[in-house]
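Some notes on the structure that comes next.
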Amino acid sequence: MRLEPVYLKHVPTNQLVEAELHVELTDEIFEQWKELWCPAMQDICRGRLPGQKPEDSHWDWQHKIEISRKFLQYQSYSIMCGGILQGLMITSDVWTARHQCHLSKPAVYIPFLATAPWNRVESVSVQYRGVGTVFLAVAIKQSMSTGFRGRIALHALPKAEDFYRRSGLSELDRDPNHQNLLYFEMTEEGAKRFIA
């Protein structure tokens with residue numbers, strides 16, 4: 001199902017272009033993940049040592065989304081632009097916030113978020129920027145529509161930590177129960193600033 005249009009920056013022309021946000025991922029999106037995303041990710045990884053590869057290069061999105069479909073708490077999203085898959089995200093509306101200003105209140109949690117291989121710094125020619133920012137806005141809007149007032153949470157892969165800091169999420173601590181990843185939350189005030 002297509003939702004409202006969103007906008008990405010087309011890097012080669014430096015222009016904002018309209019993209020489509022989709023919910024409830026289709027077979028076409030899975031096909032693009034298999035036929036375009038996976039080979040492009042393999043190209044980026046070829047010849048690199050394990051620590052030099054994208055940290056999510058091993059993620060099997062089809063498996064992740066098939067698992068998430070079994071539980072009502074999960075929602076999956078994709079962004080399409082120019083008929084091509086540009087990003088994927090899964091959210092959960094079953095999470096308890098840890099930040100002192102809204103301790104124990106519900107939040108939308110983002111277990112998985114990724115931009116397509118051709119939109120990354122490792123790519124020879126980056127196509128689009130803004131996928132992660134659009135997805136954060138989507139999660140905040142989901143949080144607001146659920147009555148969670150924009151509160152969102154996630155564990156960041158190390159190379160994505162600076163992006164989440166720049167996006168206004170509050171850095172809390174490393175989580176030993178989650179591969180020692182750094183845990184972030186967006187406060188209600190931070191969500192208002194982000195959407196504005």
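Throughout, numbering of the chain's residues begins at 1 and tracks the sequence.
Residues Arg165 and Leu182 meet the side-chain proximity criterion, which asks for heavy atoms closer than 4.5 Å. By the 4.5 Å heavy-atom criterion applied to side chains, Leu25 and Trp33 are not counted as neighbours. Under the 4.5 Å side-chain criterion, counting only non-hydrogen atoms from C-beta, Tyr7 is in contact with Glu18. Side-chain atoms of Ile84 and Trp118, non-hydrogen and from C-beta on, do get closer than 4.5 Å to each other. Contact check for Ile79 versus Val138: no side-chain heavy atoms found under the 4.5 Å cut-off. Looking only at side-chain heavy atoms (C-beta outward), Lys9 and Asn14 come within less than 4.5 Å of each other. Taking the side chain as every heavy atom from C-beta outward, Val17 and Cys81 approach each other to under 4.5 Å. With a 4.5 Å cut-off on side-chain heavy atoms, Thr91 and Phe135 do not count as touching.
Annotation for Val94: hydrophobic cluster partners, listed by chain and number, are none (ILVMFWY side-chain heavy atoms under 4.5 Å, direct or chained). The hydrophobic cluster around Val126 extends to Val11, counting ILVMFWY residues whose side-chain heavy atoms fall within less than 4.5 Å of a member.
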Requested in this report: Please test Trp37 against Leu88 for side-chain contact (heavy atoms from CB on, under 4.5 Å), starting from the C-alpha separation and ending with a verdict.
Outcome: CA-CA 11 Å; Trp37 188 305; Leu88 290 162; 3.9 Å; yes
Report task. Report the C-alpha separation of Leu169 and Leu154 in whole Å, then their side-chain angles, then the decisive distance to 0.1 Å, and conclude whether the side-chain contact (heavy atoms from CB on, under 4.5 Å) test is met. Result -> CA-CA 9 Å; Leu169 281 89; Leu154 57 89; 3.9 Å; yes
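The ring-ring contact (aromatic ring centres under 6.0 Å, His included) test applied to Trp95 returns Tyr109, not counting sequence neighbours. With sequence neighbours excluded, the residues forming a salt bridge (Lys or Arg N to Asp or Glu O under 4.0 Å) with Lys34 are Glu31, listed by chain and number. By the side-chain hydrogen bond (donor to acceptor under 3.5 Å, both in side chains) test, Asn177 pairs with no residue at all, sequence neighbours left out. A search for side-chain hydrogen bond (donor to acceptor under 3.5 Å, both in side chains) contacts involving Ser104 returns nothing, not counting sequence neighbours. Taking the salt bridge (Lys or Arg N to Asp or Glu O under 4.0 Å) definition, one finds that Asp56 meets it with Arg120, sequence neighbours left out. Arg166 is linked by a side-chain hydrogen bond (donor to acceptor under 3.5 Å, both in side chains) to nothing, counting only residues two or more places apart in sequence or in another chain. A search for side-chain hydrogen bond (donor to acceptor under 3.5 Å, both in side chains) contacts involving Glu35 returns nothing, not counting sequence neighbours.
Note on ring orientation: taking the six-membered ring where Trp is involved, the planes of His102 and His99 are tilted (angle from 30° to 60°). A tilted orientation is assigned to the rings of Phe184 and Tyr164, their planes being inclined by 30° to 60°.
Put simply, NE2 on His155 and CD1 on Ile110 are 12.5 Å apart, with the number rounded to the nearest 0.5 Å. Taking CG of Leu85 as the start and CD of Gln32 as the end, the distance is 5.5 Å to the nearest 0.5 Å. Here OG of Ser145 is found 12.0 Å from CD1 of Ile140. Values are rounded to the nearest 0.5 Å. Rounded to the nearest 0.5 angstrom, Gln179 CD and Glu55 CD are separated by 10.5 Å. Put simply, CE on Met89 and OG1 on Thr115 are 12.5 Å apart, with the number rounded to the nearest 0.5 Å. The distance from atom CD1 of Ile44 to atom CE of Met41, rounded to the nearest 0.5 Å, is 6.0 Å.
With hydrophobic clusters built from ILVMFWY side chains whose heavy atoms lie under 4.5 angstrom apart, Ile90 shares a cluster with Leu157. Hydrophobic clustering (side-chain heavy atoms under 4.5 Å, transitive across Ile, Leu, Val, Met, Phe, Trp, Tyr) groups Phe71 together with Ile65. Taking hydrophobic clusters as Ile, Leu, Val, Met, Phe, Trp and Tyr residues chained together by side-chain heavy-atom distances below 4.5 Å, Phe163 does not share a cluster with Val121. A continuous path of Ile, Leu, Val, Met, Phe, Trp and Tyr side chains, each step under 4.5 Å between heavy atoms, connects Val6 with Val23, placing both in one hydrophobic cluster.
Enclosure of atom CG in Asp173 by more than 12 non-hydrogen atoms of other residues, nucleotides or ligands within 6.0 angstrom is indicated. Within a 6.0 Å radius of CG in Leu72, no more than 12 heavy atoms belonging to other residues, nucleotides or ligands are found.
With Glu122 contributing its side chain and Cys45 its backbone, the two residues share no donor-acceptor pair below 3.5 Å. The backbone N or O of Ser125 sits less than 3.5 Å from a side-chain atom of Gln127, completing a donor-acceptor pair. Of the possible donor and acceptor atoms, none in the side chain of Arg129 sits under 3.5 Å from a partner among the backbone N and O of Leu8. Between the side chain of Asn180 and the backbone N or O of Arg174 there is no donor-acceptor pair closer than 3.5 Å.
The stretch residues 80-105 participates, sequence neighbours left out, in these salt bridge (Lys or Arg N to Asp or Glu O under 4.0 Å) pairs: Arg98-Asp175. Residues in residues 66-78 take part in these side-chain hydrogen bond (donor to acceptor under 3.5 Å, both in side chains) pairs, two or more places apart or across chains: Gln62-Glu66, Gln73-Ser92, Tyr77-Gln142.
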Donor-acceptor pairs are to be reported for all side-chain atoms of residues 186-196 against protein atoms at under 3.5 Å, with residues two or more places apart or in another chain.
unit_1	atom_1	unit_2	atom_2	d
Thr187	OG1	Gly190	N	2.9
Glu188	OE2	Arg151	NH1	2.5
Glu189	OE2	Lys192	NZ	3.4

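Nearest heavy-atom pair across Ala107 and Phe148 is C-CD1, 3.6 Å. Closest approach of Met80 to His22, counting heavy atoms only: CG-CD2, 3.6 Å. Nearest heavy atom pair, residue Trp61 against residue Leu113, reads CH2-N, 4.1 Å. Scanning both residues, Ala156 and Glu161, for their nearest heavy atoms gives CB-CG, 4.1 Å.
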